[in-house]
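See below for the structure under consideration.
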Amino acid sequence: MAAVAAKPNVLVACALLLLAVGCQASPFWPLEIGYYHDKCPQAEAVVKGVMEKAISQNPGNGAAMIRMLFHDCFVEGCDASVLLDPTRFSPTPEKLSPPNDPTLRGFKLIDAIKDALEAACPGVVSCADIVAFAVRDASCILSRGKVNFQMPSGRRDGTFSNASEPLKFLAPPTSNLSDLVVSFVIKGLNTEDLVVLSGAHTIGRSHCSSFVSDRLNTPSDINGGLAAFLQGQCPADATPGETARMVVENAKIPGWWEDRFEKAMVKMAGIEVKTGYQGQIRKSCRAINHY
Ligand code: HEM
Ligand SMILES: *[C@@H]1O[C@H](CO)[C@@H](O)[C@H](O)[C@H]1NC(C)=O
Ligand SMILES: *[C@@H]1O[C@H](CO)[C@@H](O)[C@H](O)[C@H]1NC(C)=O
């Protein structure tokens, strides 16, 4: 009797074991907070140290990282594909595409962080995670601690980068609202994420060419004082309804935007990530490893 009853249990145990082995072999592992805790305990502190110094020298370094994450994550996922330099075999990577060239900045800062991490823990911390940690620190430092969140990690670096891709996924600044919403929805982000993340534009720089023709020289709901200030800065040459309400809430209710920005940044930093056995940990953020 006992032996007969044990049989199904053994079968169940075998099935569970197979399932466990199957799960372990799954190509996708979720990102986790503290991923480097055992592999490189000082990893996040090293990134923070370099970021604090870089932002104290020029706050634009923080803005550079925050835009870098967006341009990385929306193209091939958050896999540092935007950092790859041209080679003979891949002569036109993402960084040479119009949405990135010549306005995207911060590549040397990523190199500096990578150098510090390679000195501390060679071959362990991915470039994709470096960007994500740098952005978390930049957000915290530039908001004087008001935007303060933990960044899950465990991303691996991609090996493919092509200049045609950013043009498909990064909506141009001339886009109307519906095009912007669609560009976020196809990456799993919603209208509120679009509004909240666009709040990142309260920091950093823009070239006049990015906004003069269709934002300053046409009627819009830009604050009159700000519009006049921007017109003074640039040589001569609208968000209705629901999204406008969100913008007002973000501006008026203390802590509202910060709270949503933290969550939306983590969401964006999780787009199409490569984990587990996917991708690689680059030795240099500018080039894929050849084994
Ligand atoms: C919604 C679609 C978006 C459009 C059309 C857009 C467009 C732009 C443009 C045209 C610039 C100026 C580039 C230049 O002339 O130098 C810029 C800068 C910037 N963007 Fe966006 N952006 C978008 C979303 C985002 C998101 C989601 C983030 C991050 C959360 C972000 C963060 C930044 C930052 C921080 C800068 C300043 C960069 C610097 O100082 O170097 N943007 N963006
Ligand atoms: C990059 O994309 C262009 C245009 O789609 C294509 O002609 C080229 O072969 C691609 N390069 C690589 C390395 O995939
Ligand atoms: C937004 O712009 C696209 C072209 O990029 C156009 O096809 C679409 O009709 C526009 N939508 C609205 C609501 O204006």
Side-chain angles (χ1 to χ4, degrees), residues 54-55 58-76 78 81 84 86-94 96-109 131-132 134-136 138-139 142-143 147 149 158-187 189-216 230 233-234 238-241 243 247 250 257-258 260-269 271 288:
I55 291 176
N58 177 358
N61 281 319
M65 293 299 101
I66 289 171
R67 186 172 187 231
M68 186 79 85
L69 182 75
F70 170 50
H71 284 217
D72 183 31
C73 292
F74 269 57
V75 182
E76 295 288 320
C78 311
S81 51
L84 290 170
T87 66
R88 197 146 51 92
F89 303 103
S90 177
T92 52
E94 286 169 32
L96 298 186
S97 187
N100 297 325
D101 184 19
T103 59
L104 197 66
R105 54 177 176 156
F107 297 105
K108 286 188 180 142
L109 178 52
V131 175
V135 161
R136 183 265 318 269
S139 305
L142 291 174
S143 70
V147 176
F149 59 102
T159 54
F160 176 79
S161 181
N162 190 330
S164 60
E165 301 285 300
L167 292 165
K168 290 184 208 158
F169 297 110
L170 295 169
T174 49
S175 308
N176 57 31
L177 180 60
S178 42
D179 282 352
L180 291 177
V181 169
V182 168
S183 76
F184 270 56
V185 167
I186 61 174
K187 293 295 170 184
L189 303 189
N190 59 32
T191 304
E192 183 166 38
D193 296 321
L194 167 68
V195 172
V196 166
L197 291 173
S198 296
H201 293 134
T202 49
I203 57 161
R205 71 173 186 194
S206 173
H207 294 70
C208 295
S209 56
S210 296
F211 63 91
V212 166
S213 63
D214 67 322
R215 298 293 154 96
L216 284 187
L230 291 173
Q233 297 273 304
C234 293
T239 65
T243 51
V247 171
N250 282 319
W257 175 76
E258 287 82 352
R260 279 157 184 73
F261 188 74
E262 290 166 357
K263 294 184 175 72
M265 285 297 266
V266 169
K267 200 167 159 187
M268 181 168 79
I271 294 174
I288 62 175

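Numbering of ligands and ligand atoms starts at 1, following listing order. Please read these numbers as outputs of a predicted model, since none were measured by experiment. All values below were derived from every heavy atom in this structure, side-chain atoms included, with hydrogens, water molecules and symmetry-related copies excluded.
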Of the protein's non-hydrogen atoms, which lies at the shortest distance from [atom], and what is that distance?
atom: atom 37 (C) of ligand 1; result: R205 O, 3.6 Å
atom: atom 5 (O) of ligand 2; result: S164 OG, 3.7 Å
atom: atom 16 (O) of ligand 1; result: H207 ND1, 2.7 Å
atom: atom 14 (O) of ligand 3; result: N176 ND2, 3.2 Å
atom: atom 35 (C) of ligand 1; result: A63 O, 3.3 Å
atom: atom 13 (C) of ligand 3; result: S178 OG, 3.5 Å
atom: atom 4 (C) of ligand 3; result: D179 OD2, 3.6 Å

Exercise. With a cut-off of 4.0 Å, which atoms of ligand 2 are near a heavy atom of F160?
Worked result: 14 (O)

For this session: Tell me whether the guanidinium CZ or amine NZ of K187 lies under 6.0 angstrom from the six-membered ring centre of F169 and within 45° of its axis.
Result: yes

Seminar exercise, completed: Residue pairs passing the side-chain hydrogen bond (donor to acceptor under 3.5 Å, both in side chains) test with at least one member in residues 195-205, sequence neighbours excluded, are none

Exercise. Atom 21 (Fe) of ligand 1: which protein N, O or S atoms are under 2.8 Å away?
Worked result: H201 NE2

Answer yes or no: is there a side-chain heavy-atom contact under 4.5 Å between [X] and [Y]?
X: I203; Y: P59; value: no
X: L189; Y: L197; value: yes
X: F70; Y: L170; value: yes
X: T191; Y: F184; value: no
X: M68; Y: V135; value: no
X: S81; Y: F160; value: no
X: P99; Y: L167; value: yes
X: M265; Y: R136; value: no

Would you mind listing which atoms of ligand 1 come within a distance below 4.0 Å of any non-hydrogen atom of [X]?
X: A171; answer: 5 (C)
X: L194; answer: 1 (C)
X: T103; answer: 14 (C), 15 (O), 16 (O)
X: R105; answer: 39 (C), 40 (O), 41 (O)
X: S210; answer: 10 (C), 14 (C), 15 (O)
X: S206; answer: 12 (C), 14 (C), 15 (O), 16 (O)

Exercise. Rounded to the nearest 0.5 Å, what separation is found between the CG atom of L69 and the CZ atom of R67?
Worked result: 12.5 Å

Exercise. Measuring from S97:OG to K168:NZ, what's the distance to the nearest 0.5 Å?
Worked result: 10.5 Å

Exercise. Just to confirm, does any protein heavy atom lie below 4.0 Å from atom 7 (O) of ligand 2?
Worked result: no

For this session: Could you tell me whether atom 2 (O) of ligand 2 has a protein heavy atom closer than 4.0 Å?
Result: yes

Seminar exercise, completed: Between S183 and F74, the two heavy atoms sitting closest are O-CE2, 3.4 Å

Exercise. Can you name the nearest heavy-atom pair linking F211 to C234, along with the distance?
Worked result: CZ-SG, 3.7 Å

Exercise. Looking only at non-hydrogen atoms, which of L180, V181, L142, D193 approaches atom 2 (C) of ligand 1 most closely?
Worked result: L180

Seminar exercise, completed: Out of T92, N162, T87, L167, the nearest non-hydrogen contact to atom 12 (C) of ligand 2 is supplied by N162

Exercise. Quick one: does R215's side chain have a donor or acceptor within less than 3.5 Å of a partner on P173's backbone?
Worked result: yes

Exercise. Is the closest heavy atom of F211 to ligand 1 under 4.0 Å?
Worked result: no

